[in-house]
**Q** 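Dropping the structure in here first, questions after.
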Amino acid sequence: MEKKTLLKAEHIDKRFGITHAVNDVSLEIAAGEIRGLIGENGSGKSTFCQMLCGIYTIGGGTFTLDGKELHIRNQVDANNAGIAIIVQEMGTLSGLTVAENIYLGHEEPFMHTGIKDSRAMNREAQKLLDSYGFGRIKAGVMIDHYNFEDRKLVEIVKATYMKPKILVIDETTTALSQNGRLELYKIMDAVRADGRTVIFISHDLGEVLAHTDTVSVLRDGEYIDTVNASEVTEDDLKRLMVGREIGTAYYRTDYGQPVSEEVVLTVDGVSVPGELDGISFELHKGEILGFGGLSECGMHEVGKAIFGASWDRKGTVRLADGTEINDIPTAISHSIAYASKDRDNESIILNESIRNNIVLPSLENLSSHGLLNGRKLTRFADEQAKNMQTKMQNVGQFVSDLSGGNKQKVVLARWLGKGSDILVLDSPTRGIDVKVKQAIYGLMAELKTQGRSIIMISEEIPELLGMADRIFIMKDGRINGEFSRDPDLGEEDLIKKMV
């Protein structure tokens, strides 16, 4: 039996300056289905959904929901029409409680004679959190108290508790641990079982095939095709995304190559209350050192501690020349780079230009007698951005306008321009398409051959196995296992040390 069309998009169009982000896209999505939406970074998939959800105004064309043409001016209009989105980056607001974030824009039931009943709001929000299995998150606590993943869980509750007709999930799984992903998959299945619809955006093609019914592909802002998930392979999807075959070179293929005995960084007895407990290790020249583990294992705090960004840290982080790294300026001036998992809030300045983001760590090097030359800064930024093949109008474009993969290229461009010798990369390929992943892995391998050292923190086991010379597995804030690069090393070996 053919399913009823719930959403119809006709000739949807959007331009940002000279960039044609979405070009005359038409497609239909049925009620009671999970529709995958894929494409390379910059293909237009997020822009398409953000127009549907009121984040961007529609440049041209129409959306029709359940037979009624939509006229959406903002996200509140979209919510009221039955459309909700969980965005890729941070979608909660600092300075508000968990409950206030959940009910943002829908506070009316808790308002009495113009006064908000916070106790009633907290009580109802806590019931929601408990019903989702997120009871450890407390409704009355400020959202800033919680980490990136917990804030994502709050967003899931916010987006789904009103049972929207269409739920858009934009790269959300990249912010979640395996347990968090499993909870999200359950919610997706429940939405479908209820006769409602999910639009699921992900760069993990295996995940897309496992959890969708159909998959639509965009390329360079244009609609390419829609296929049944059960009838295609990951390679089929890659071909549709890029219009050609993607080479087989992905992860490193070398094994048995000795790593230099030269130690460039020593971490000794580093502890952070509630996060790390006496971490010690050495990083060698030209080494890719991987850190993995389950959620809350402490691996993400390792990167911050090395970069001097953990203010309550104990223990020492010392370079080969004896310099101790206790703060961020010292780290930067001594050639240490850090790319956070929370890219939009900790690695880039969204409402600044590509140029200003790239030159920021290098201003001292680029100045002459304390003075900065604008043309020199622009040339430097343009060179670094183009070296990373950043898809942009020019370096004057705001970073907030870029796709996730191109934002990550800007992050890497700023540190490579600085000439950093030690790069701490936390989730370096989060929210990035397969072609850009391939490019970043190639870049990491090239940096290794140049003698630069990389600490790669990753929740993706294949990434650790494919790229690292050594792997440390974290558990409960401690190093629970160490593995050397080996073709016979498997995922199960690492998992045993995680649980």
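Source: prediction; values computed, not measured.
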**Q** Please list all pairs passing the salt bridge (charged side-chain N to carboxylate O under 4.0 Å, His left out) test where one or both residues lie in residues 188-203, with sequence neighbours left out.
**A** D189-R192, R192-D213, D194-R196

**Q** I'd like to check M142 versus L96 (side-chain heavy atoms, cut-off strictly below 4.5 Å). Are they in contact?
**A** no

**Q** Taking atom types as modelled, find out whether N357 and E352 have a side-chain donor-acceptor pair closer than 3.5 angstrom.
**A** no

**Q** Taking atom types as modelled, is there a side-chain donor on N326 or R313 under 3.5 Å from an acceptor on the other?
**A** yes

**Q** Counting N and O atoms only, with roles assigned by atom type, does the side chain of S310 sit under 3.5 Å from a partner on the main chain of D312, one being a donor and the other an acceptor?
**A** no

**Q** I'd like to know if E124 and K127 make a salt bridge, using a cut-off of under 4.0 Å between side-chain N and carboxylate O.
**A** yes

**Q** Check whether any side-chain heavy atom of T212 lies under 4.5 Å from a side-chain heavy atom of V198, and answer yes or no.
**A** no

**Q** Report yes if some heavy atom in the side chain of S43 is under 4.5 Å from a heavy atom in the side chain of M241; otherwise report no.
**A** no

**Q** Taking all non-hydrogen atoms of both residues into account, name the closest pair between N394 and I354 and its distance.
**A** O-CD1, 3.7 Å

**Q** For H145, check side-chain hydrogen bond (donor to acceptor under 3.5 Å, both in side chains) against everything at least two apart and list the hits.
**A** none

**Q** With salt bridge (charged side-chain N to carboxylate O under 4.0 Å, His left out) as the rule and sequence neighbours excluded, what pairs involving residues 141-151 come up?
**A** R136-D150

**Q** A side-chain contact here means heavy atoms from C-beta on lying under 4.5 Å apart; do I473 and I471 qualify?
**A** yes

**Q** Would you kindly say whether E207 and T173 are connected by a side-chain donor-acceptor distance under 3.5 Å?
**A** yes

**Q** Using 30° and 60° as the class limits, which term best fits the ring planes of Y185 and H211: parallel, tilted or perpendicular?
**A** parallel

**Q** Please report the closest heavy-atom contact between G278 and S271, naming both atoms and the distance.
**A** N-OG, 2.8 Å

**Q** Is there a salt bridge (Lys or Arg N to Asp or Glu O under 4.0 Å) between E460 and R181 once you walk through the steps?
**A** CA-CA 13 Å; E460 307 296 333; R181 292 182 188 190; 2.9 Å; yes

**Q** Return yes if some donor-acceptor pair links the side-chain N/O of K45 with the main-chain N/O of E40 below 3.5 Å, else return no.
**A** yes

**Q** Look at the side chain of T160 and the backbone N and O of K163, then say whether any donor-acceptor pair between them is shorter than 3.5 Å.
**A** no

**Q** Measuring from I38:CD1 to K238:NZ, what's the distance to the nearest 0.5 Å?
**A** 11.0 Å

**Q** Can you list the steps and then say if Y223 with L218 is a side chain to side chain contact (heavy atoms under 4.5 Å, CB included)?
**A** CA-CA 5 Å; Y223 172 76; L218 299 184; 4.1 Å; yes

**Q** Report all side-chain donor-acceptor pairs from residues 47-64 shorter than 3.5 Å, counting only partners two or more places apart or in another chain.
**A**
from: T57; atom 1: OG1; to: K14; atom 2: NZ; distance (Å): 3.3

**Q** What residues, two or more places apart in sequence or in another chain, satisfy ring-ring contact (aromatic ring centres under 6.0 Å, His included) together with Y338?
**A** F307

**Q** Using side-chain heavy atoms (C-beta onward) and a distance below 4.5 Å, is T172 in contact with L184?
**A** yes

**Q** Stepwise, does the salt bridge (Lys or Arg N to Asp or Glu O under 4.0 Å) test hold for K4 with D66?
**A** CA-CA 9 Å; K4 170 190 172 184; D66 217 1; 2.7 Å; yes

**Q** Check side-chain hydrogen bond (donor to acceptor under 3.5 Å, both in side chains) between R35 and all other residues, then give those that pass, not counting sequence neighbours.
**A** E33, T214, S216

**Q** Is there a donor-acceptor pair closer than 3.5 Å between any side-chain N or O of S347 and the backbone N or O of S340?
**A** yes

**Q** Stepwise, does the side chain to side chain contact (heavy atoms under 4.5 Å, CB included) test hold for I306 with V302?
**A** CA-CA 6 Å; I306 292 169; V302 170; 3.8 Å; yes

**Q** Report the C-alpha separation of I83 and L70 in whole Å, then their side-chain angles, then the decisive distance to 0.1 Å, and conclude whether the side chain to side chain contact (heavy atoms under 4.5 Å, CB included) test is met.
**A** CA-CA 11 Å; I83 304 167; L70 295 172; 3.6 Å; yes

**Q** Answer yes when E155 and K152 have at least one side-chain N-carboxylate O distance shorter than 4.0 Å, and no when they do not.
**A** yes

**Q** Quick one: do the N80 and D77 side chains pair a donor with an acceptor below 3.5 Å?
**A** no

**Q** For K391, enumerate each residue passing the side chain to side chain contact (heavy atoms under 4.5 Å, CB included) test, keeping only those at least two apart in sequence or located in another chain.
**A** D220, N406

**Q** E171 side chain to H203 main-chain N or O, any donor-acceptor pair under 3.5 Å?
**A** yes

**Q** Going by heavy atoms in the side chains, are M456 and L423 under 4.5 Å from each other?
**A** no

**Q** Counting heavy atoms not belonging to K138, are there more than 12 under 6.0 Å from its NZ?
**A** yes

**Q** What's the shortest heavy-atom distance between V317 and A305, and which atoms?
**A** CG2-O, 4.0 Å

**Q** Would a distance-only check, ignoring hydrogens and angles, find a side-chain to backbone donor-acceptor pair under 3.5 Å from S202 to D204?
**A** yes

**Q** Quick one about Q126 and D130 (side-chain donor to acceptor, distance below 3.5 Å, no hydrogens or angles considered), yes or no?
**A** yes

**Q** Can a donor-acceptor pair be found, under 3.5 Å and without considering hydrogens, that links the side chain of N179 to the backbone of E183?
**A** no

**Q** Please assess S26 against E10 for the test side chain to side chain donor-acceptor pair (under 3.5 Å), listing each intermediate value before the final yes or no.
**A** CA-CA 4 Å; S26 298; E10 297 178 282; over 6 Å; no

**Q** Does K409 have any salt bridge (Lys or Arg N to Asp or Glu O under 4.0 Å) partners at least two apart in sequence or in another chain, and if so, which?
**A** none

**Q** Would you check, one step at a time, whether the test side chain to side chain contact (heavy atoms under 4.5 Å, CB included) holds for I143 with V154?
**A** CA-CA 9 Å; I143 195 73; V154 172; 4.0 Å; yes

**Q** Kindly write out the residues that satisfy side-chain hydrogen bond (donor to acceptor under 3.5 Å, both in side chains) with E459, not counting sequence neighbours, or none if the list is empty.
**A** H300, K341

**Q** Using the side-chain hydrogen bond (donor to acceptor under 3.5 Å, both in side chains) rule, collect all pairs that involve residues 102-119, keeping only residues at least two apart or in two chains.
**A** E100-K116

**Q** Quick one: does D13's side chain have a donor or acceptor within less than 3.5 Å of a partner on D24's backbone?
**A** yes

**Q** Are the side chain of T233 and the backbone of D236 linked by a donor-acceptor contact shorter than 3.5 Å?
**A** yes

**Q** Any donor and acceptor pair, going by atom type alone, linking the side chain of D170 with main-chain N or O of I201 inside 3.5 Å?
**A** no

**Q** Check the surroundings of atom CZ in R478: do more than 12 heavy atoms from other residues, nucleotides or ligands lie under 6.0 Å from it?
**A** no

**Q** Under the side chain to side chain contact (heavy atoms under 4.5 Å, CB included) rule, collect the residues that match up with L360, sequence neighbours excluded.
**A** I349, L363, R414

**Q** Should E301 and K304 count as an ion pair when the cut-off is N to O under 4.0 Å?
**A** no

**Q** Hey, what do you get for CD1 (I166) to CD1 (I29), rounding to the nearest 0.5 Å?
**A** 6.5 Å

**Q** Going by the rule side-chain hydrogen bond (donor to acceptor under 3.5 Å, both in side chains), which residues pair with N228 if we only count those two or more places apart in sequence or in a different chain?
**A** E231

**Q** With rounding to the nearest 0.5 Å, note down the distance linking NZ in K186 to CG in L182.
**A** 7.0 Å

